[in-house]
Amino acid sequence: MKKKLLITGASGKVGWSVAEKLRESGHYEIVATDLEEDRQRGIVPLDMTDPEAVREAARGIDTILHIGWAEDREDFLGRVLPVNVTGAYHIYEAARECGVGRVVFASSNHATGFYSSEERVEPEDPYRPDSFYGLSKCYIELLGRLYADKHGISSINIRIGNYPGNRPPASKRAMKIWISERDLASLFACCVEADSSIDFLSLYGTSANTENYYDIGYLKELIGYEPQDDAAALREEALRLYGGLKDDELPLQGGGMTRQ
Ligand SMILES: NC(=O)c1ccc[n+]([C@@H]2O[C@H](COP(=O)([O-])OP(=O)(O)OC[C@H]3O[C@@H](n4cnc5c(N)ncnc54)[C@H](O)[C@@H]3O)[C@@H](O)[C@H]2O)c1
């Protein structure tokens, strides 16, 4: 039987690319959701801050891909806590109540943005968030840790690097953390399919970039992720398209977010 996936934030850049590609694969039954309905794209409404609606949506689901996120990253009290952190809590609670086996969360590289660009950070290294945005990602990753330990829900956090939609990387920093559309969808699929013995995992989600900040080679053996693309191969196209690469390469991995 096909696995049934619930995707939040499916109208967004990441959510739509993942939903479309996984649907095309034919391997899954997909319930794509976002705040607003979009009939053309088969997206049904779901607000992650509505616990009853989230619980209803989670019934009969095997894996939740939690990608929904309210913008305005640094409005900690107005958006980050009441929408994004609370919403993630509702997702995990619904997963517990409805017996969902796994939650795959769209985390971010900004969970460790205060590491130097010279350092090779591993997912197990201590958190060093560079913003309230990054901090909320750390918190939600730990929410996953709690639900894994206490309730046996497998939790996988993909610390996405830079996904500008189906476009080449636009900045010097993006060259080091970019992920292509097909690699993004393949990484989410690998997380869905990863062995059920994986109770908790955080990982960096990038393509096989020549200049990558992170060593992601081990993911092939661990979850079968074999990225096909490399930002360096798109440098010329990016230069043509954008007229140059934005110079955001700061001494810290989080780039501009460390200064906002
Ligand atoms: N795009 C990137 O480069 C990147 C990098 C790192 C992490 N991420 C993470 O990936 C996720 C998606 O990013 P994106 O770039 O696609 O953002 P996006 O803004 O394009 O998409 C987010 C979607 O979430 C939806 N949303 C907002 N509030 C909601 C709510 N209350 N309930 C349900 N859905 C709601 C929005 O309507 C939107 O469609 C986010 O968690 C983001 O932090 C993205």
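Quick caveat: nothing in here was measured; it's all calculated off a predicted structure.
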| query | Is there side-chain contact between S108 and Y133, with at least one heavy-atom pair below 4.5 Å? | reply | yes

| task | Salt-bridge test for R39 and E37: reply yes if a basic N is under 4.0 Å from a carboxylate O, no otherwise. | result | yes

| query | When you check the side-chain N and O atoms of S186 and D183, is any donor under 3.5 Å from an acceptor? | reply | no

| message | In the structure I gave you, are the side-chain heavy atoms of K246 and K172 within less than 4.5 Å of one another anywhere? | response | no

| request: List the atom of E29, the atom of K2, and the distance in Å for their closest heavy-atom pair. | output: N-CB, 4.1 Å

| message | Give me the atom names and distance for the closest heavy-atom approach of V100 to I153. | response | O-CG1, 3.9 Å

| query | Is a side-chain donor-acceptor pair under 3.5 Å present for T206 with N212? | reply | yes

| request: Check L252 against Y213 and note the closest heavy-atom contact, atom names and distance. | output: O-OH, 4.5 Å

| query | What heavy-atom pair brings D34 and S11 nearest, and what distance separates the two atoms? | reply | OD2-N, 2.9 Å

| task | Among Ile, Leu, Val, Met, Phe, Trp and Tyr joined by side-chain contacts under 4.5 Å, find the other residues sharing a cluster with W178 and list them by chain and number. | result | L234

| query | Hey, any chance F188 and Y204 share a hydrophobic cluster, counting ILVMFWY side chains that come within less than 4.5 Å of each other, even indirectly? | reply | yes

Kindly list each side-chain donor-acceptor pair under 3.5 angstrom involving residues 51-69, sequence neighbours excluded, with atom names and distances?
{"from": "R55", "atom 1": "NE", "to": "E97", "atom 2": "OE1", "distance (Å)": "2.6"}
{"from": "D62", "atom 1": "OD2", "to": "K4", "atom 2": "N", "distance (Å)": "2.7"}
{"from": "H66", "atom 1": "ND1", "to": "T8", "atom 2": "OG1", "distance (Å)": "2.8"}

| task | Could you check if a side-chain atom of L203 sits within less than 4.5 angstrom of a side-chain atom of R159, using non-hydrogen atoms only? | result | no

| query | Ion pair present between E237 and R240, side-chain N to carboxylate O less than 4.0 angstrom? | reply | no

| request: In plain terms, say whether E193 and K3 are close enough for a salt bridge, that is, a side-chain N and a carboxylate O under 4.0 Å apart. | output: yes

| query | So does R145 pair up with D199, basic N to acidic O under 4.0 Å? | reply | yes

| Short side-chain donor-acceptor distance under 3.5 Å, N84 and S136 | no

| request: Compare all side-chain heavy atoms of Y147 with those of Y89 and state whether any distance is below 4.5 angstrom. | output: yes

| note | Only residue of N157, I156, L219, I198 satisfying side-chain contact (heavy atoms from CB on, under 4.5 Å) with C191 is I156

| request: Classify the side-chain pair S171/D248 by whether it contains a donor and acceptor separated by less than 3.5 Å. | output: yes

| request: Run the numbers on E141 and S202 for side-chain hydrogen bond (donor to acceptor under 3.5 Å, both in side chains), then give the verdict. | output: CA-CA 8 Å; E141 288 192 7; S202 294; 3.2 Å; yes

| Between the side chains of D229 and S207, does any donor sit under 3.5 Å from an acceptor? | no

| said: Assigning hydrophobic clusters by single linkage (Ile, Leu, Val, Met, Phe, Trp, Tyr; side-chain heavy-atom cutoff under 4.5 Å), is L187 placed with Y218? | reply: yes

